[in-house]
Number of protein chains: 2
Amino acid sequence: MKFSYVSYLKCPKCSERYESNQKQQLCKCGSPLLVKYDLEALKEKFRREELKNREPNLWRYHELLPVQNEENIVTMGEGMTPLLPMNRIGKDMLIPNLLMKDEGIIPTGTFKARGAAVGVSKAKELGIKEIAMPTNGNAGAAWSLYAARAEMKATIVMPTDAPKITRNECAVSGANLSLVEGVISDAGKIVQQAVNEHGLFDASTLKEPYRIEGKKTMGLEIAEQLGWKMPDVILYPTGGGVGLIGIYKALTELVSLGWVEGNLPRLVAVQSVGCAPIVKAWREKRGDSDFWEGSSTIAFGINVPKALGDFLVLDAIYKTNGCAVAVEDITTLEEQQRIASLEGTFICPEGAAAFVAARRLRKNGWIKEKETVVVLNTGAGIKYPDTVKVDVPILTDA
Amino acid sequence: MKFSYVSYLKCPKCSERYESNQKQQLCKCGSPLLVKYDLEALKEKFRREELKNREPNLWRYHELLPVQNEENIVTMGEGMTPLLPMNRIGKDMLIPNLLMKDEGIIPTGTFKARGAAVGVSKAKELGIKEIAMPTNGNAGAAWSLYAARAEMKATIVMPTDAPKITRNECAVSGANLSLVEGVISDAGKIVQQAVNEHGLFDASTLKEPYRIEGKKTMGLEIAEQLGWKMPDVILYPTGGGVGLIGIYKALTELVSLGWVEGNLPRLVAVQSVGCAPIVKAWREKRGDSDFWEGSSTIAFGINVPKALGDFLVLDAIYKTNGCAVAVEDITTLEEQQRIASLEGTFICPEGAAAFVAARRLRKNGWIKEKETVVVLNTGAGIKYPDTVKVDVPILTDA
């Protein structure tokens with residue numbers, strides 16, 4: 001048995017192939033690259049039941065991940081996050097089979113840990129010593145910390161408005177952190193310059209091929225946790241969209257392996273009305289999106305005016321008969337509060353936005369009552385203290 | 001097979017017995033009560049190998065937990081936190097077999113979730129509708145959120161200096177939160193008054209018997225994760241000390257069941273020099289501790305001037321040939337930074353204090369080079385942003 005069944009990289013736009021055992025960034029044509037596996041061989045040699053005895057982290061799926069030598073794995077125990085029944089909020093929105101994949105229960109407190117764990121591990125395998133990336137905060141924090149564990153240097157640039165705690169995470173890891181006035185695309189320009197000048201490895205969203213593979217494990221876990229049955233709908237708060245692309249990739253790989261049957265779940269990209277390029281493109285039935293000028297939302301992780309992988313996100317939506325929904329910040333904050341008081345889960349605003357979308361889609365009949373619906377909560381609410389108002393009395397005497 | 005092998009409650013001081021299917025607080029003699037199980041029957045009917053196919057959360061040990069009806073379980077997927085090799089910091093302190101049990105990777109971001117999950121579940125089973133408790137922050141946050149999930153009201157009182165984010169967690173859950181100038185014992189007086197006046201159930205540390213059972217699962221998990229072998233030493237940051245009492249209880253139960261063999265690990269209580277009542281008592285070879293006047297430490301979770309269970313903590317230390325160590329705040333913060341930059345794990349100051357203690361005990365020879373050492377990190381560093389200095393440039397132009 002091979003540890004990984006990775007076989008090569010392929011451009012989804014021009015079909016050019018690349019070696020997976022060499023450093024790669026974008027395709028010559030400018031598109032992100034996708035990782036291909038020898039699924040035929042794996043199907044023959046491995047049965048999904050063998051997973052049962054493995055550790056509860058994302059490396060249990062190592063055959064479907066790109067790291068070829070186990071020694072290169074850089075892990076903090078990430079993955080196999082809870083898939084929680086959300087009975088009370090489900091009842092409230094008339095979706096009795098509502099589940100939440102809680103990505104707050106993971107190192108660094110957000111799903112970004114998955115991309116960082118697999119991305120940094122593969123970078124280590126390829127001999128990379130230094131990475132650079134722009135971030136809305138959480139990805140930079142995760143990559144900084146995993147890079148530290150891998151003895152790798154990290155250069156991170158984030159907007160001044162990014163969640164404050166992510167600065168602390170970068171700082172404590174020893175990363176080379178800078179802030180910039182503006183949004184993630186402004187940070188991206190600075191990183192691009194540093195990459196060009198100093199020859200750093202560019203770990204920007206989708207500019208290296210392995211972050212998707214980490215995010216993909218959310219899809220693998222959902223399938224395994226549901227007993228290898230597909231849910232009907234998965235809602236995902238969409239900034240760069242890598243999670244949605246990854247989940248779609250995971251589920252199609254599982255179909256090829258014969259591990260799951262039936263239709264793929266309808267994938268829903270959830271954005272904020274203050275930054276909704278994917279929603280706009282979907283409404284216009286287009287294959288890619290325009291840069292969203294003057295973007296703004298409290299759900300900072302989905303403040304991405306133009307995603308490099310927009311065409312992959314839209315393709316996944318179209319192929320699964322999914323849709324895209326934009327939500328107002330104020331409704332998101334109300335939902336976040338309602339979820340905490342009914343379910344005890346303090347989730348991030350991005351996750352709360354996806355719950356609002358579920359509520360709307362149920363109300364307009366797009367989601368049917370009997371359907372099994374999975375909402376991705378992409379991070380812990382504790383990373384966003386400013387989303388909750390605290391007004392408490394101070395007692396001076398017992 | 002019964003779901004739980006709980007049999008009764010017993011006072012460790014006067015040996016009085018109590019029913020476990022009725023509401024109980026302290027023993028008439030003032031001591032906390034401990035939960036007893038029918039370990040003989042369980043030993044006969046259950047083999048530890050059967051655990052393998054269970055979900056990776058603390059309810060996998062339900063036979064050794066007090067909840068009798070599975071329907072009463074209130075869970076957010078807590079438990080089976082990573083037991084991480086800490087190779088680089090281990091090398092730095094000459095403990096090659098250094099491991100960290102990372103309790104940051106759990107709902108609410110601290111190990112308090114374990115006590116809350118089991119405590120709230122059992123309270124639900126007993127028909128309790130409203131709880132009250134003083135807290136240093138994290139326990140109150142956890143109990144508030146689990147109470148919300150259980151449709152239970154929570155009244156929480158915490159010091160104004162407690163970590164700010166825990167206020168948000170209580171507020172978002174809908175708990176009745178108050179702040180008080182002072183330390184946890186001052187908050188305790190206010191709660192006592194509310195309990196007396198309004199007949200609330202008192203969920204203060206060790207004033208109800210089930211929080212220990214939740215914390216106990218850290219010990220069960222460490223044993224299972226090490227392949228049912230005992231480590232040589234476990235270091236635990238000690239405030240109320242429930243985790244240490246729980247781990248000791250867990251390991252003695254496992255010995256009775258025949259699931260583990262050999263000597264119990266030497267248990268080390270780690271405190272801050274600014275609040276070290278257990279360390280003082282241990283140095284004086286006493287069985288209980290004195291109230292520590294004017295306590296103060298940045299490791300807020302261990303700012304407990306007098307623990308109700310001090311005699312149980314000291315007993316566990318004496319019985320296992322353990323010890324107690326006090327650490328300076330400044331050294332703790334340096335260690336926290338060093339661990340993040342070497343291992344990528346951003347841990348809480350309480351956890352960092354335990355690493356400092358490990359380093360000292362290795363240096364003075366109390367820990368031997370070949371020994372397997374487990375340090376409990378009791379929470380995520382992201383809940384303590386003020387422990388990290390951030391000094392970053394703001395770039396204005398690409």
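Letters A, B, ... mirror the listed sequences (proteins, then strands); counts begin at 1. Predicted model, so just to flag it, every value in this text is computed and none were measured.
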Region of B/T160 that comes under 4.5 Å of a non-hydrogen atom in chain A: side chain
Heavy-atom proximity to chain A below 4.5 Å, by part of B/T75: backbone
Most chain A-contacting option - heavy-atom pairs closer than 4.5 Å, from B/A187, B/G104, B/A171: B/A171
N/O donor-acceptor pair under 3.5 Å between A/E343 side chain and B/R149 backbone: no
Best-contacting candidate, B/G174, B/P56, B/P385, against chain A by heavy atom pairs under 4.5 angstrom: B/P385
Which of B/Q337, B/E181, B/M100, B/K164 touches chain A most, by non-hydrogen pairs under 4.5 Å: B/Q337
Point-to-point distance, once rounded to the nearest 0.5 Å, from OG of A/S341 to CG of B/L145: 10.0 Å
Spatial distance of atom CD1 (B/I190) from atom CG (A/L395) [nearest 0.5 Å]: 4.5 Å
Atom CG of B/N196: over 12 foreign heavy atoms under 6.0 Å: yes
Most chain A-contacting option - heavy-atom pairs closer than 4.5 Å, from B/K389, B/E55, B/E151, B/R338: B/E151
Which atom of A/L179 lies closest to which atom of B/V392, heavy atoms considered: CD1-CG2, 3.5 Å
Heavy-atom closest pair, residues B/G109 and A/I382: CA-CD1, 4.5 Å
Exceeds 12 heavy-atom contacts within 6.0 angstrom, atom CD of B/E70: no
Greatest number of heavy atom pairs closer than 4.5 Å to chain A - which of B/R88, B/K52, B/E169, B/Q192: B/R88
Residue A/E71 excluded, over 12 heavy atoms near CD under 6.0 Å: no
Qualifying residue for side chain to side chain contact (heavy atoms under 4.5 Å, CB included) with A/P107, from B/D102, B/I105, B/L84: B/I105
Under 4.5 Å from a heavy atom of chain B, the part of A/I106 involved: backbone
Chain B contacts, top residue of A/A148, A/A147, A/S144, A/P82 (heavy-atom pairs, under 4.5 Å): A/A148
Proximal component of B/I394, with respect to chain A [non-hydrogen, under 4.5 Å]: both
